[in-house]
Amino acid sequence: MTTTCIPIKNLSSDADSHRFPLDQWYVAGFSSELADKPIARTFLNRKVVLFRTGAGQVAALEDRCCHRSLPLSCGTVEGAGVRCGYHGLLYAPNGQCIEIPGQERIPSKARVKAYPVVEKNQIIWIWMARDEDAEPTRPAPDYPFHDDPRYKFGSGNYHYRSPWQLIHDNLLDLSHLGYVHLQTIGGDARLHMNAPMKVSSEGDRVKVVRLMPDSSPPPTYRAAWPFGEKCERWQEIEFDLTHLRIWTGAVEPGTDAIDDPDRGGFHMRGFHGITPETEETCHYFWSMSSTKHPDMPDNIDAVIQQTAFTFDEDRTIIEAQYRNMLAFGDKANWIDIHVDAGANRARRIVSELLRKQAAAEPADS
Amino acid sequence: MTTTCIPIKNLSSDADSHRFPLDQWYVAGFSSELADKPIARTFLNRKVVLFRTGAGQVAALEDRCCHRSLPLSCGTVEGAGVRCGYHGLLYAPNGQCIEIPGQERIPSKARVKAYPVVEKNQIIWIWMARDEDAEPTRPAPDYPFHDDPRYKFGSGNYHYRSPWQLIHDNLLDLSHLGYVHLQTIGGDARLHMNAPMKVSSEGDRVKVVRLMPDSSPPPTYRAAWPFGEKCERWQEIEFDLTHLRIWTGAVEPGTDAIDDPDRGGFHMRGFHGITPETEETCHYFWSMSSTKHPDMPDNIDAVIQQTAFTFDEDRTIIEAQYRNMLAFGDKANWIDIHVDAGANRARRIVSELLRKQAAAEPADS
Amino acid sequence: MTTTCIPIKNLSSDADSHRFPLDQWYVAGFSSELADKPIARTFLNRKVVLFRTGAGQVAALEDRCCHRSLPLSCGTVEGAGVRCGYHGLLYAPNGQCIEIPGQERIPSKARVKAYPVVEKNQIIWIWMARDEDAEPTRPAPDYPFHDDPRYKFGSGNYHYRSPWQLIHDNLLDLSHLGYVHLQTIGGDARLHMNAPMKVSSEGDRVKVVRLMPDSSPPPTYRAAWPFGEKCERWQEIEFDLTHLRIWTGAVEPGTDAIDDPDRGGFHMRGFHGITPETEETCHYFWSMSSTKHPDMPDNIDAVIQQTAFTFDEDRTIIEAQYRNMLAFGDKANWIDIHVDAGANRARRIVSELLRKQAAAEPADS
C-alpha cells in the first residue's frame with residue numbers, strides 16, 4: 001500500500017449539495033491530472049473518487065467502498081476500474097462491484113454511486129444532478145482555446161478556504177489589480193478604478209468589459225511581450241455560473257483597434273472553473289493560455305509563473321476576507337461601490353437559481 | 001520546569017467511560033515506558049497520570065492536582081509519589097495528598113482518584129471499574145511469552161484517530177494482508193482470500209484460524225528465516241475483549257505439521273492491547289515476540305522493524321476508513337463479505353456487554 | 001500585496017465583550033510595536049486594527065473594510081490613515097472612509113468603529129466602553145518607570161490559550177517560583193512557601209507583599225548583580241484590574257532596610273498588562289525594568305533574556321492548567337491553600353464588577 005490517502009472531512013449528506021445550483025456541469029479537474037492514481041475530491045459536499053481506467057476511460061464514483069467504507073481513492077487503478085486497498089473489491093466505472101476476492105457471489109447491493117463525467121478540451125466536467133441518477137440534460141461546455149494552435153497553456157488548481165462566490169466577486173471586478181497585484185498584472189490603480197466598466201447579462205451569463213487605452217504595461221506584460229512605454233489594454237470577463245472566461249491583453253498603440261475581437265497583440269485567456277467543495281470551501285481550477293511572440297520564445301512560461309503568483313495573492317486576500325466575514329458575522333452590511341456591478345449581477349443569478357431549486361423541491365426535503 | 005506537558009483535550013466526564021465495557025483490565029502501557037517521568041494518558045475518557053515511584057511501585061492517578069488543576073503529569077516523580085509542578089503538592093500512589101509546602105494542615109479532601117494497576121509480564125494493566133473505587137474482581141491477564149526464553153520481543157504503541165473496534169475488525173481478518181501489507185507479511189492476495197477460515201467463540205472470546213499450506217514466504221518471513229520456495233503458514237487469532245493474541249508463522253514443508261501446537265519453525269507472536277481513549281480515538285499497544293534462528297542472529301530486529309512498518313500501513317488505512325465513515329455517516333449500510341465472520345462475532349460480544357451494562361445502571365445515570 | 005494577514009477567528013459579536021469588565025483602559029501594545037505596518041489584535045472579542053499614521057498618530061479601528069470585509073490590517077498605512085489592500089478605500093483615524101478610488105461620492109455609512117487610544121509611557125492603552133461610542137471617563141494609567149532614568153527596560157508579549165484570570169492567579173502568588181522557575185528567579189521552594197504573605201486591598205486594587213530576608217540569590221539575581229552568599233529579597237505585587245505592577249528585588253545584607261521604599265540594590269520592576277482576547281484566550285504584554293550596576297554593564301540584557309525564559313515557563317504551566325480545566329470541567333472543586341489569598345481577592349473584584357455591570361444592563365441585552 002503506497003498510495004497516500006487524502007483526508008476530507010466535515011461533510012454531512014447528499015442533501016447538502018442542494019445548497020448549490022444543481023443540474024450543472026462543474027469542473028472536476030484537468031486531463032493532465034489523471035494518470036495512474038485515483039484522485040479524491042469533494043464537490044458540492046459529495047466525496048468523489050476520480051480515476052482513469054487502464055482503458056483510458058475517465059470515471060467518477062462515490063469515494064467509499066461499500067464493504068468497510070475505505071475511500072476508493074486509497075486503492076489502485078486497473079484496466080477495468082478501481083480496486084479497494086483494504087480487501088480488494090473491484091469497481092467498474094458505473095459503480096458496480098465486479099469482483100470480491102475469495103467470494104463467488106457478488107450481492108447486487110455491492111455498488112456505489114457513479115457520476116456522469118465528460119473529458120473535453122482537456123477539462124474534466126462532472127454533472128451534479130438534482131435528482132439522483134438523472135442523466136445530463138445538455139452537453140458539457142466548450143473551451144476551444146486549450147486546443148487552439150495560436151495558444152499555449154498551463155494550468156493549476158487551488159483549494160480555497162472560502163465560499164465559491166467570493167472568487168466570482170474577485171474575478172468579476174478586476175479593479176483590485178492595482179492594489180493586490182502590483183508585482184505582476186497590476187498597473188496603475190487609479191487608471192483601473194477610473195476606466196468605464198460595461199456590464200451586460202443574458203440568461204445565466206454576465207459580461208464585464210473595460211478598456212484602458214492609455215496604460216503602462218505592468219510587469220507580466222513586459223516580461224512576455226516587447227511593449228514600449230504605453231499599451232492599450234482590454235479586460236473581457238464572461239461569467240457562466242460554474243466557470244469564467246477572462247480574456248485580457250493589450251495591443252501596441254497604433255496597431256489593432258482595442259475593441260476589435262480579431263485584434264492581435266499579447267493575449268491572456270484565463271479559464272476559471274470554480275467548484276464548491278462545501279459551503280465554506282471550494283476548488284479553483286485555472287488555466288492560462290497565452291500568445292507566443294517570435295522574439296520571446298519562453299514568454300509563455302513567464303506568463304504561467306506570474307499567473308500562479310498572482311493567484312496566490314488573490315487567495316491570501318479572499319481567505320482573509322472570509323475569515324473576517326465569519327468573525328464579524330456575514331456580509332449583511334457591505335457597502336457597495338461603483339466596481340461591484342458585475343459581481344452583484346452574478347450573485348443575483350445564483351440566488352435566483354437556488355430560489356427556483358428550493359421551490360421545486362418537495363416540502364419534506 | 002523541564003518536563004514537557006502533553007495536551008489531551010475533548011474529554012467530558014467520567015460518565016463517558018460507560019460507553020465502553022467496564023470492570024475490565026485494559027492495557028495502560030509497557031513496563032519499559034515507565035522510567036523517571038510521569039506519563040499522561042487518557043483511557044475510556046478518563047485522564048490518567050501513570051508513574052513509577054522511586055520505590056519502584058507503579059501507580060495511576062487522576063491527572064489533575066486538586067489545588068489548581070495542573071496535570072500531575074507536568075510534575076516530577078519522587079520516592080513517595082508524584083509532586084505537582086506548580087505549587088509542589090505531593091501525592092501518594094493511593095491519591096492522597098501527603099504534603100502541601102508551607103502549610104501544616106492537609107485537608108482530607110486534598111486527594112485525587114487512584115486506579116488499580118498491575119505490572120505483569122512487562123505489561124501495565126489498569127482496572128476500569130463500573131462503580132468508582134471498586135476493587136478488581138479478577139486477576140489481570142497473563143501473557144507469558146514476554147518472559148519465555150524461546151522468544152525475544154520488541155514493542156511500540158500508536159495513538160489512533162479511530163474508534164477501538166476498527167482495530168479489532170482489522171486484526172480479526174488477516175485477509176487484508178495481501179492488499180495492505182505486500183511489502184512485509186502480505187503474500188499472495190488470492191491465497192489469503194481463498195483459505196478456509198475457522199471461526200469459534202467461547203464466552204467473551206473469539207478464535208479465528210486459517211491455514212495456508214502452499215504459501216510463498218512473504219518478505220518479512222524471508223528476512224527472518226531461511227525459507228525455500230514454499231512454506232506452510234498458519235494464522236491463529238484470539239480476541240479477548242481488551243487485547244488480542246495473534247500467533248502466526250510458518251514451517252518448512254515436510255517438517256512439523258502445520259496444525260501441531262508444538263510446531264517449530266518461524267513464529268510471530270503478536271500481543272495487541274487496544275484501549276479506548278475516547279469514542280473517536282484509541283491506544284494500540286503492541287509487542288511482537290519472535291523465534292531466533294541460529295544462522296540468522298539479527299532476525300528479530302528485522303521482524304520488529306518490519307512489524308512497525310506493517311502497523312503503520314494499518315493505521316493509514318484505518319484512520320482513512322474512519323474519516324470516511326464520519327463523512328458518509330456511520331456504517332449502517334456496510335455490505336458484509338465472507339471474511340467478516342470473526343470481526344462481526346467480536347462486535348456482537350462488545351454490544352452485548354454494553355447492553356447488559358446499560359441495563360444494570362440506575363435509570364437516572 | 002506583501003503584508004501578511006493575521007488570522008483571528010472564533011469571534012462572535014460585540015455583545016460578547018460584556019463578559020469582561022468594561023469602561024476600562026486595557027493594554028493594546030507597546031509603542032515600539034507600531035512602526036510602518038498595521039497590527040491586527042482582538043480585545044474582548046472585538047477585532048481591532050492598530051496603526052500609527054504617517055503623521056505619528058496612533059489609532060485603533062474595527063478591523064474590517066465596510067466594502068467587502070477584508071481586514072484593514074491587510075492594508076497599508078499612509079499619512080492620513082490606513083488603506084484597504086483590496087480596492088483601496090482609505091480610512092481616517094476616526095473611522096471615516098475618506099477616499100473611494102474611482103468614485104466621487106463617499107456614502108456617510110462608509111465608516112468603521114473607532115476606539116479611543118492613548119499612548120503614554122511607551123504603552124498603548126485602549127478604552128473598552130460599555131456604551132458604544134462613549135468617551136473615556138478617566139485618564140489612562142501612569143507607568144513612569146519606562147521613562148525613569150534609573151531603569152532600563154525590555155518588553156515582549158504573549159498570546160495565551162487561557163482565560164486572562166489564570167495569569168492573575170499566577171502573578172498574585174509568587175510561591176510557584178520555587179517549583180516553576182528554578183533555573184531563573186526561583187530560589188528555595190520552602191523559603192518561598194513559608195515566608196509570611198501580607199495581603200491588602202483598596203477599591204479595585206490588591207496588594208501582596210512578601211519579605212524573605214535570609215535568601216540565597218537565584219540564578220537571575222546572580223547574573224545581574226554581584227551578590228554574595230545571601231541577600232534580602234522582597235516581592236511587592238499590585239493588581240489593578242487590567243494590569244499588575246510587580247516590584248521585586250534584593251539588597252545585600254547590612255545595607256538598606258528590606259521594607260524601605262527607597263531601598264537600593266537590585267530591582268526588577270515588572271509591568272504586566274493582561275488583556276482578554278476571548279473567553280478562552282488573552283494577551284499578555286510585559287515589560288521588565290531593571291537597575292544598572294556599574295560593574296556589570298550588560299546586566300539588564302541578562303535580566304530581560306531570563307525574564308522571557310521565565311515567562312515561557314509560566315505559559316507552559318498555565319496553558320496546561322487550562323486544557324486540564326476544560327477536560328475535567330471548570331474549577332468548581334479547587335482546594336484552596338494558604339498562598340491563594342491574593343489571587344482569590346482579585347477574583348472577587350472581577351466578579352463584583354461583572355455582577356454590577358450585568359445588573360446595570362437592560363434586560364434584553
Side-chain angles (χ1 to χ4, degrees), chain A residues 1-16 38 40-42 45-49 61-76 78 83-91 96-97 99-113 277-278, chain B residues 161-162 165-166 168-170 172-184 186 188-197 210 212 280 309-341 343-344 347:
Chain A
M1 221 280 313
T2 56
T3 313
T4 304
C5 298
I6 302 159
I8 300 179
K9 52 181 181 171
N10 290 332
L11 298 187
S12 10
S13 80
D14 272 12
D16 292 332
R41 282 197 179 133
T42 295
N45 285 314
R46 299 176 184 178
K47 292 191 73 177
V48 170
V49 54
L61 302 181
E62 183 181 9
D63 190 13
R64 169 189 177 275
C65 179
C66 66
H67 172 227
R68 286 298 176 264
S69 296
L70 189 74
L72 293 175
S73 53
C74 295
T76 48
E78 298 194 359
R83 190 179 291 279
C84 180
Y86 204 169
H87 302 90
L89 280 70
L90 179 67
Y91 292 87
Q96 186 60 54
C97 175
E99 186 191 351
I100 298 178
Q103 178 171 322
E104 215 150 302
R105 204 184 70 79
I106 298 174
S108 62
K109 283 188 170 176
R111 65 185 320 283
V112 296
K113 186 171 166 49
E277 183 186 60
T278 67
Chain B
R161 298 186 184 276
S162 91
Q165 292 186 271
L166 292 184
H168 298 167
D169 293 347
N170 175 277
L172 278 159
D173 158 32
L174 297 186
S175 64
H176 72 271
L177 268 55
Y179 295 100
V180 181
H181 305 307
L182 286 177
Q183 295 176 54
T184 53
D188 178 73
R190 278 178 178 67
L191 187 78
H192 281 268
M193 297 302 268
N194 291 322
M197 193 166 86
R210 183 184 265 166
M212 296 173 293
E280 300 209 299
F309 181 87
T310 300
F311 293 175
D312 285 349
E313 291 176 324
D314 281 320
R315 183 163 66 162
T316 301
I317 287 288
I318 291 171
E319 292 190 344
Q321 177 192 19
Y322 183 55
R323 283 194 303 271
N324 225 30
M325 288 169 64
L326 289 179
F328 280 98
D330 81 22
K331 57 174 197 59
N333 41 11
W334 276 3
I335 305 278
D336 281 349
I337 67 171
H338 63 118
V339 299
D340 303 320
N344 286 348
R347 283 192 171 266

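Just so you know, these numbers use all the heavy atoms, side chains as well, and skip hydrogens, waters and symmetry mates. Here is how names work: the chains are called A, B, and so on, in the same order as the sequence lines, proteins then strands, and each is numbered from 1. Owing to the predicted nature of the structure, the values given are computational and were not obtained by experimental measurement.
- With 3.5 Å as the limit, one finds no donor-acceptor pair spanning the side chains of His67(A) and Asp336(B).
- For the atom pair Asn324(B) CG and Ser69(A) OG, the distance stands at 6.5 Å (nearest 0.5 Å).
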* Steps toward side-chain contact (heavy atoms from CB on, under 4.5 Å) verdict (Asp314(B), Tyr86(A)) -> CA-CA 9 Å; Asp314(B) 281 320; Tyr86(A) 204 169; 5.5 Å; no

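- The distance from atom CD1 of Ile106(A) to atom CD1 of Ile335(B), rounded to the nearest 0.5 Å, is 12.0 Å.
- Contacts between Leu177(B) and chain A at a heavy-atom distance below 4.5 Å are absent for every atom of the residue.
- Scanning both residues, Pro71(A) and Ala320(B), for their nearest heavy atoms gives CD-O, 3.6 Å.
- With hydrogens and angles ignored, the 3.5 Å screen pairs a side-chain donor or acceptor of Gln321(B) with a backbone N or O of Arg68(A).
- Surrounding CZ of Arg315(B) are more than 12 heavy atoms belonging to other residues, nucleotides or ligands, all under 6.0 Å away.
- Judged by distance alone, the side chain of His87(A) and the main-chain N or O of Ile337(B) form no donor-acceptor pair under 3.5 Å.
- Counting all heavy atoms, side chain and backbone alike, Tyr179(B) lies closest to Gly85(A) at CB-O, 3.9 Å.
- Arg83(A) meets the salt bridge (charged side-chain N to carboxylate O under 4.0 Å, His left out) test with Glu78(A), Glu99(A); sequence neighbours excluded.
- Remark: Asp169(B) pairs with Arg347(B) by the salt bridge (charged side-chain N to carboxylate O under 4.0 Å, His left out) rule, at least two apart or across chains.
- Note that SG of Cys65(A) and CH2 of Trp334(B) are 10.5 Å apart. Values are rounded to the nearest 0.5 Å.
- Top candidate by heavy-atom pairs under 4.5 Å with chain B, chosen from Lys109(A), Arg105(A), Gln103(A), is Gln103(A).
- Between the CZ atom of Phe328(B) and the CG atom of Asp63(A) there is a distance of 6.0 Å, given to the nearest 0.5 Å.
- In plain terms, the two heavy atoms of Pro101(A) and His338(B) that are nearest each other are O-NE2, 3.0 Å.
- In this structure, Met325(B) CE and Leu70(A) CG are separated by 11.5 Å, a value rounded to the nearest 0.5 Å.
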